[in-house]
Structure formats: structure tokens, C-alpha cells
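Atoms within each ligand, like the ligands themselves, are counted from 1 in listed order.
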Amino acid sequence: MSKVGIFGAGWVGLVTGSCFAELGHEVVIRDVVPEKIEALRKGDVPFHEQQVPELLQRNAERLTFTLDVNDVADCELLFICVDTPPTYSGDADLSRVWTVIDELPNLKGRPILVMKSTVPVGTGEKVRHGLDSRGLGHVGYASNPEFLAEGRAVEDFMNPDRVVVGAFEEADGDAVAALYSGLEAPIVRCDVNSAEMIKLAANAFLMTRISFINEIANVCEATGADVVKVAAGIGLDRRLGPHFLNAGIGYGGSCFPKDSLALKQLASNSGYHFQLLSAVIEVNELQKRRVIQKLKKHLGPLRGKSVALLGLAFKPNTDDMREAPSIVLASRLLAEGAEVRGWDPVADGRALPRGVEIATSVLDAVRGADAAVIVTEWAELKTLARDEIRDAMANALIIDGRNLLDPAAAREAGFEYEGIGRPAALVAEPSV
Ligand code: UGA
């Protein structure tokens with residue numbers, strides 16, 4: 001078992017730290033924000049992520065939270081799990097990474113600095129150079145990107161499709177790979193640049209699938225096909241697979257939007273115009289707004305109309321509102337003069353524009369509403385098409401932005417229903 005230091009007690013750092021502790025490693029998590037460390041010492045986790053509080057509690061004797069960088073001095077592996085947000089130019093802001101390197105304590109032996117944060121290709125080489133020029137040639141460096149999805153991060157960590165380890169020195173890569181020896185997963189060993197690119201390319205490919213199926217959905221709407229059936233049909237092709245083919249109102253979150261811009265910027269900095277990725281991003285932006293057209297189709301001008309946005313987080317099982325489609329939708333609706341009420345079982349909606357009323361229950365959100373929009377596919381919304389809801393609404397219209405409901409059942413229950421890429425209730429007779 002190893003002693004692992006983690007820089008950054010954010011989502012990535014805490015998931016990584018608690019999972020390494022669960023695997024039996026001793027873990028020291030260091031952050032610069034005193035309130036955060038204090039709260040964690042009391043067992044308070046600052047975000048909603050299944051299993052993390054339990055893991056932190058169960059492995060408390062192997063986990064230390066600290067503000068003091070010297071507490072990680074004897075760790076064999078030092079993981080960088082800090083934010084790399086986009087700058088105004090679209091590049092990733094690596095200032096927090098460099099702060100970690102500048103603050104490294106006096107390190108003995110051959111500790112290995114491991115990059116978990118998502119960084120542009122070439123960062124490892126720059127850090128290697130930075131370490132050498134600071135007299136830290138004895139500190140190893142490896143890239144070990146994370147592929148954890150919010151809401152299922154612990155499960156993803158414990159059952160990974162693969163673990164990617166890129167290193168300059170074979171032995172450093174061996175040490176990082178050994179940390180995961182308790183897990184059954186293929187280990188992809190490669191150079192640092194390739195490890196960095198694997199992370200960016202994986203996310204870009206997933207986004208491409210989403211924008212692709214969303215465009216197919218839009219064509220389905222124009223032609224009378226059902227995207228849910230189409231996705232099932234193409235997903236059975238083993239070369240394609242069934243994942244990330246759920247059409248909807250677009251992706252959001254802390255990773256996809258940021259990582260796609262970073263990869264696009266990385267390519268253009270190197271003189272390459274990444275056309276496909278640019279289209280993927282544009283399709284996603286337009287997709288978020290399609291709900292507005294659908295509402296107008298059913299309700300006419302939206303001024304004075306009351307719309308309930310059901311689900312505010314960017315996806316279910318998280319309270320994360322970063323780049324959530326609900327924010328764009330709420331802003332557009334307010335700009336159209338609509339009254340907007342939002343509901344989410346976990347997210348508090350503070351990130352929404354001023355003027356949105358937050359309801360504490362689905363029923364309160366839809367009371368008197370002219371339309372209910374399913375923005376996030378929370379399990380609680382699966383039973384939305386019921387009498388109580390229909391009777392509470394001024395106009396029983398559901399726009400299902402995640403294709404969560406069965407259209408026939410919703411219509412049977414007396415709702416006007418429209419999903420994404422699904423045939424309208426009455427399909428016109430084909431002309432002969
Ligand atoms: C994503 C990746 O799935 C992780 O592998 C990666 O590690 C992570 O980004 C990251 O870079 O850190 P995450 O953003 O948590 O994870 O969420 P996803 O479950 O991938 O969903 C992203 C967005 O795509 C959500 O808004 C979701 O609603 C949307 N989506 C997903 C669709 O619209 N359709 C789909 O078929 C799948």
C-alpha cells in the first residue's frame with residue numbers, strides 16, 4: 001500500500017482520495033481553503049456525489065485533511081486534482097497547477113507527481129521542464145487522467161473501463177499503475193502526450209455522439225421517424241454500441257463544454273481548425289434552444305405564459321448546475337417574457353438568472369403552468385404524466401427534453417406531449 005497526497009479537495013480530489021483510501025492506501029488531501037478543510041474534518045462533503053460521504057467515513061483512519069503542504073512531504077505519489085478552467089482566450093488556465101508545483105514541500109527519494117486534472121496536450125512536458133528547472137529532477141511525473149462521470153463517480157472509479165498511465169520513466173508509470181492493482185481493469189501505458197490526448201479525445205468523441213444523435217433527432221422530427229427506436233437500432237451494431245445515443249436538449253456540466261473548447265483551442269493554437277468539434281459545439285448550443293420553438297409551436301408567443309422547468313442540474317444525481325441547459329432555457333424564456341418556475345430535487349437553482357421562481361415540489365412548479373418542460377431526467381419525473389399534475393396545470397402540455405416519458409401513455413393521460421425526435425401524436429397520412 002502507498003501513501004498518496006492529493007492537491008485539491010474539490011470533486012476530483014475527494015472522489016480520487018476517498019477511493020484510494022477504500023483500496024487501502026493512506027491518503028492526505030491538501031487544500032488551500034480553511035473552511036473546506038474544516039468542513040471535511042467534520043465529515044461534511046461540499047457537493048452531492050453518491051457514496052463519497054460513506055467512503056470518507058468508512059476510511060477515516062486512512063484519510064487526513066490538511067492545509068499544511070508539509071503533510072504531503074512523505075507521500076510516494078502526489079496527485080494534482082485542481083481546477084483548470086478556461087481563460088478568456090479559450091486555453092485552459094493552468095495557474096493552479098503551477099501554484100501546486102511552486103508550493104511543493106521539500107521532497108526526498110523519488111516521489112511522483114501525477115496529473116489527474118484535465119490539461120492540454122504538452123502540459124506534462126512543460127511541467128517536467130518546470131520541475132527540472134526548479135531543482136526537482138528527482139521528482140517523477142505521470143499523467144493519469146480521470147474518466148469519472150458525476151453521479152456515478154465512485155462506481156466508475158472502482159469499475160473502470162481502463163486506467164490510462166502516461167509517464168516519462170517506465171518505473172514511474174509502474175508505481176502509478178500499482179495503485180490500481182486492486183481493480184480489474186486494462187491499464188493503458190503510453191507516453192505523457194498521448195495520455196493527455198486520450199482524455200480530451202474520449203470526451204470529444206462522447207460529445208460527438210450526443211450532437212450526432214441530436215441532429216438525427218431533429219431530422220427524425222422533420223421526417224416522422226422516432227429517434228428512440230433509431231438509437232436502439234443503431235446501438236445494436238457492435239461497431240457503434242448503445243451508449244451516449246440519448247437524444248435530448250444537449251450536454252452540459254463542468255467537463256464537456258470546457259474540454260471541447262480546450263481541445264478546439266489546442267488544435268487552433270497548433271494551426272489546425274478542428275471542424276468536426278466546432279460543429280459538435282454549435283449543434284449543442286442550438287439544441288438547448290429548440291425547446292423554445294416547441295413551446296411557441298404549442299403556445300404561440302410566450303409573453304405572460306407560465307413555464308415550469310423540471311430538473312435544473314445538468315444531469316440527474318448531481319447538484320451541479322455548471323453549463324446546465326436549464327440556465328440557457330430560463331434566460332431565453334425570461335427574454336421572451338415568460339414566467340419561469342424551476343424545480344430540482346437537489347440543485348438549489350442559485351445559478352439561474354434572477355426572476356426564476358424556485359418551487360419546492362413538482363406539483364408547486366406546475367400549478368397553473370401553461371407548459372412543463374423536462375430538462376433533467378430525474379427519476380422523480382418518470383411519473384409526471386399523472387392526473388394530479390394534469391389537473392394542476394392551466395394547460396396540460398409536456399415538452400420532454402430528455403425523452404423520459406412514454407409518449408403514448410402521456411397522451412393517454414390527457415397531456416399534449418412532445419419529446420425530442422419523436423413522432424407527433426397524429427402523423428399525417430403519407431401522400432401518394
Ligand atoms: C463526463 C464523461 O462522461 C466522463 O467520462 C469524464 O470523466 C467527465 O465528463 C470529465 O471529463 O470529468 P459528466 O460530465 O459527469 O462526465 O457527465 P456525463 O454523464 O458524461 O453527461 C454529460 C452530459 O451529456 C450531460 O448533460 C448529459 O445529459 C448529456 N448526455 C449524455 C446526453 O445528452 N445524451 C447522452 O446519451 C449522454
| message | Using the ring centroid of each side chain, check whether Y180 and F20 are separated by less than 6.0 Å. | response | yes
| message | Tell me whether E416 at atom CD has more than 12 heavy atoms from other residues, nucleotides or ligands lying less than 6.0 Å away. | response | yes
| Would a distance-only check, ignoring hydrogens and angles, find a side-chain to backbone donor-acceptor pair under 3.5 Å from R402 to G248? | no
| request: Please check if atom CZ in F212 has more than 12 non-hydrogen atoms from other residues, nucleotides or ligands closer than 6.0 Å. | output: no
| query | Hey, which residues fall under 4.0 Å of ligand 1 on heavy atoms? | reply | E146, F147, L148, A149, E150, K199, N203, I210, F244, L245, N246, Y251, G252, C255, F256, D259, F314, K315, R402
| said: More than 12 heavy atoms of other residues, nucleotides or ligands under 6.0 Å from CZ of F47: yes or no? | reply: yes
| Between N403 and I420, is there a donor-acceptor pair closer than 3.5 Å when you use the side chain of the first and the backbone of the second? | yes
